[in-house]
Amino acid sequence: AECVLNGDHRGHDVLNVREAVRRLPERAAELAAAARLRAEEIGGVAERVREGRRDLANVSDRGRKDLQSALEGLGLALKREEESLLAEVDSCAGDVWELLQTDAEAHLQEALQQLQRHREAGDATEALI
């Protein structure tokens, strides 16, 4: 090999200039082919990334809609349950009120009847107790 350096090439590959010029078109074609192949690979990867992003967006959108629908359903179920519980509370409150009124009226009526009997019997002491 012809070299302008004098002495050892220190581990460098040395190529004859005439040989390098002769191989240049072939090497350029190889590099261009490799660059085209790599560009196609990168284009394929980029397309798969776009598809993946679209898929993720679709899944996210579907999940958001499903969650919103489930929350709306839960809200309706809670509203119905609240209405049912409030109606039951109203019913129980009415029943308790009737029981309290009935017992109080019955006790008062019974006490009045006892007082009347004791008074009629002439037992003033019992009437006062």
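Each residue takes its place number in the sequence, starting with 1.
Annotation: Glu88, atom CD; neighbour count of heavy atoms from other residues, nucleotides and ligands within 6.0 Å does not exceed 12. The local environment of CZ in Arg27 is sparse, with at most 12 non-hydrogen atoms from other residues, nucleotides or ligands closer than 6.0 Å.
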Between Glu120 and Arg117, is a salt bridge (charged side-chain N to carboxylate O under 4.0 Å, His left out) present by the stated rule, with each step listed? CA-CA 5 Å; Glu120 288 173 0; Arg117 276 181 283 178; over 6 Å; no

Stepwise side chain to side chain contact (heavy atoms under 4.5 Å, CB included) test for Arg18 and Arg22: CA-CA 6 Å; Arg18 285 183 213 102; Arg22 189 183 63 75; over 6 Å; no

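Glu40 pairs by the salt bridge (Lys or Arg N to Asp or Glu O under 4.0 Å) definition with nothing, not counting sequence neighbours.
One finds the CD atom of Glu51 at 12.0 Å from the CG atom of Leu56 (value rounded to the nearest 0.5 Å). Distance CZ/Arg53 to CG/Asn58: 14.5 Å, rounded to 0.5 Å. Glu81 CD to Leu76 CG: the interatomic distance, rounded to the nearest 0.5 Å, is 13.5 Å. Distance check, rounded to the nearest 0.5 Å: CG of Asp55 to OG of Ser60 gives 12.0 Å.
Remark: the Arg80 side chain and the Ser84 side chain contain no N/O donor-acceptor pair separated by less than 3.5 Å.
Taking Ile, Leu, Val, Met, Phe, Trp and Tyr as members and joining any whose side-chain heavy atoms lie under 4.5 Å apart, directly or through other members, the hydrophobic cluster of Leu71 also contains Leu67.
Of the charged side-chain nitrogens involved, at least one lies within less than 4.0 Å of a carboxylate oxygen, so that Arg38 and Glu41 count as a salt-bridged pair. A salt bridge does not link Lys65 to Glu72: none of the charged nitrogens lies less than 4.0 Å from a carboxylate oxygen.
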